[in-house]
**Student:** 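Quick one: the structure is below, and I'll ask about it shortly.
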Number of protein chains: 2
Amino acid sequence: MPTPDRTSLDDIVAAGREILEAEGPAKLTMQAVALRVGVRAPSLYKRVKSRDDLIGLIAESAVSDLALRLQRASTLEGRPDARQYLVALAHEFRAFARANPAGFHLIFASAPSPTSPDVILLARAAQPLMEATAQLAGPENALDAARTVTAWANGFISMELAGAFQLGGDVDRAFDFGISRLADSLAAEPIASSAARTS
Amino acid sequence: MPTPDRTSLDDIVAAGREILEAEGPAKLTMQAVALRVGVRAPSLYKRVKSRDDLIGLIAESAVSDLALRLQRASTLEGRPDARQYLVALAHEFRAFARANPAGFHLIFASAPSPTSPDVILLARAAQPLMEATAQLAGPENALDAARTVTAWANGFISMELAGAFQLGGDVDRAFDFGISRLADSLAAEPIASSAARTS
DNA sequence: ACCTGAACACCGTTCAAGT
DNA sequence: ACCTGAACACCGTTCAAGT
């Protein structure tokens, strides 16, 4: 008779994610994960191809949570104007990053690697943002606008988490300043396109 | 008679940086660095406290190069209007990241760690940007504006290097769109401060 | 004073042997 | 079919012994 399963893939990913958030990537060893799910390290390879594979699964788990959060914000908000909606999304994004700094880092700040999360998952997470930018900047600029906002938010939060804002000043104020000006500029007509003039 | 030095700290850092750019962080082993500078791994510890220490020195070396590039751009540009200057800085920043992706990642996308580069070096690198944003947004908003631009550029390039822009569209166009709208919004008067109204 | 081989602790991963 | 101990290759790091 085969022995009953003593753990599961979900358990392993959850354990890995907890270790990653609590102790950092260096402590995320196969042995530590195995210990937490009550098994020996070699057994993990029955459910996971490698440590990199496990990290990829952890990243996807984090992306799913992020997508859920943004979707919930999109329904909870009662849909005021697009500008307020965009600001709310930005704050939700930042809240996720603060609650899951290691997961956030895994999703957005990882070097190109086999651990990067799935495209489809990322697209789903970006969906609420695309709606907001389409309303603000028009459908033809929705993608560029979403990329601008994502890049800004991603970069801001990465730097905040990395402790890169060390020149003083109020970081919260800088965040509000940034999303506010971005929303303004997306809603406004572009002032001048110097690129078009020089071509 | 003591033996003459067979390597130097500069050699070690340069070798480490070359390996990092050419083969990625996983291949940046003490043995690989030692081999490249013609010495055995234990000898490295005469000039470097640890592998993390070496990574920190590599990051500082990259920051210095970045600062040099931005300063050169600031003198070469002949100082047209502040808007064009800001756009030039953004493109220079992106060019640096493309030429030194691993170094860029080390500077801006690293988790908070003992490998983070020195504050003073980062401040010096940010100097040209601060001047441009001060002209565009006024001195009282220079810091917030510089943070907005840095966050955007950093996030955009991080995502580009990570291959995160997978929803199609023209990435170059998105970059131009972003810096253009940002420059507009920094130069413009803010439309409305909803935060001020609710307090 | 710098360099080295040997050693140690600790990884990820494989695999034959158990149940 | 899952689990395990033992083993392997490969790290970072230390240190006594060389020159």
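Hydrogens, waters and symmetry mates play no part in the numbers below; they use all other heavy atoms, side chains included. Chain letters run A, B, ... following the sequence lines, proteins first, then strands; residues in each count from 1. Predicted model, so just to flag it, every value in this text is computed and none were measured.
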**Student:** In whole angstrom, give the distance that lies between atom CZ of B/R40 and atom P of D/dT14.
**Tutor:**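 Distance check: B/R40 CZ to D/dT14 P gives 19 Å.
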**Student:** Under 4.0 Å, counting only non-hydrogen atoms across every strand here, what does B/S8 touch: a base, just sugar-phosphate, or nothing?
**Tutor:**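 Nothing, no nucleic acid heavy atom in range.
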**Student:** Please tell me if B/T29 has a side-chain N or O lying less than 4.0 Å from either OP1 or OP2 of D/dC11.
**Tutor:**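 Looking at the OP1 and OP2 atoms of D/dC11, neither is under 4.0 Å from any side-chain N or O of B/T29.
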**Student:** Tell me whether the side-chain N/O atoms of B/S43 come closer than 4.0 Å to OP1 or OP2 in C/dT4.
**Tutor:**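 Affirmative; the distance criterion is met.
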**Student:** Of all the nucleotides listed (D/dG5, D/dG12, D/dC3), which has the minimum atom distance to the side chain of A/P42?
**Tutor:**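 It is D/dG5.
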**Student:** Check the orientation of A/F93 and A/F108. Use parallel for under 30°, tilted for 30 to 60°, and perpendicular for over 60°.
**Tutor:**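 If you compare the ring of A/F93 with that of A/F108, the planes turn out perpendicular.
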**Student:** Side chains of B/S180 and B/R83: donor-acceptor distance under 3.5 Å anywhere?
**Tutor:**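 A pair is found: one side chain offers a donor N or O, the other an acceptor, under 3.5 Å apart.
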**Student:** Return the orientation label for the A/W152 and A/F175 ring planes: parallel under 30°, perpendicular over 60°, tilted otherwise.
**Tutor:** tilted
**Student:** What is the distance from CG of B/D11 to P of C/dC2, rounded to the nearest Å?
**Tutor:** 14 Å
**Student:** Could you tell me the Watson-Crick or G-U partner of D/dA9, where both distances fall under 3.5 Å? Say none if there is no partner.
**Tutor:** none
**Student:** Closest approach to the side chain of A/Q31, judged atom by atom: which nucleotide of D/dC2, C/dC11, C/dT14 is it?
**Tutor:**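 Selected nucleotide: C/dC11.
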**Student:** Please determine if a side-chain N or O atom of B/R6 lies less than 4.0 Å away from the OP1 or OP2 oxygen of C/dA1.
**Tutor:** no
**Student:** Rounded to the Å, how far apart are B/D52 CG and D/dT13 C1'?
**Tutor:**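 Rounding to the nearest Å, CG of B/D52 and C1' of D/dT13 are 13 Å apart.
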**Student:** From the options C/dT4, C/dC3, D/dT4, select the nucleotide whose nearest atom is closest to the side chain of B/K46.
**Tutor:** C/dC3
**Student:** Which nucleotide, if any, forms a Watson-Crick or G-U wobble pair with D/dT4, using both distances under 3.5 Å?
**Tutor:**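 Across any shown strand, D/dT4 pairs with C/dA16.
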**Student:** Taking OP1 and OP2 of C/dT13, is either one under 4.0 Å from a side-chain nitrogen or oxygen of A/R51?
**Tutor:** no
**Student:** With a cut-off of less than 4.0 Å, is there a side-chain N or O of A/R47 near OP1 or OP2 of D/dA1?
**Tutor:**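 For D/dA1, neither OP1 nor OP2 has a side-chain N or O of A/R47 closer than 4.0 Å.
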**Student:** Please report the distance, rounded to the nearest Å, between CE in A/M30 and C1' in C/dT13.
**Tutor:** 9 Å
**Student:** Quick one: B/Y45 OH to C/dC2 C1', roughly how many Å, whole number?
**Tutor:** 16 Å
**Student:** Using whole Å, what does the distance between atom C1' of nucleotide D/dC10 and atom CG of B/L28 come to?
**Tutor:**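 That distance rounds to 15 Å.
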**Student:** Among side-chain atoms of A/N154 and A/S158, is any donor-acceptor pair under 3.5 angstrom?
**Tutor:** yes
**Student:** In whole angstrom, what separates B/I12's CD1 from C/dC2's C1'?
**Tutor:** 12 Å
**Student:** Could you tell me how far apart B/L35 (CG) and D/dC10 (P) are, to the nearest whole angstrom?
**Tutor:**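 To the nearest whole Å, that distance equals 14 Å.
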**Student:** Can you see whether B/T29 engages B/R51 through a side-chain donor-acceptor pair at a distance of less than 3.5 angstrom?
**Tutor:** no
**Student:** Out of C/dT4, D/dG5, D/dT13, which nucleotide sits closest to the side chain of B/V39?
**Tutor:** C/dT4
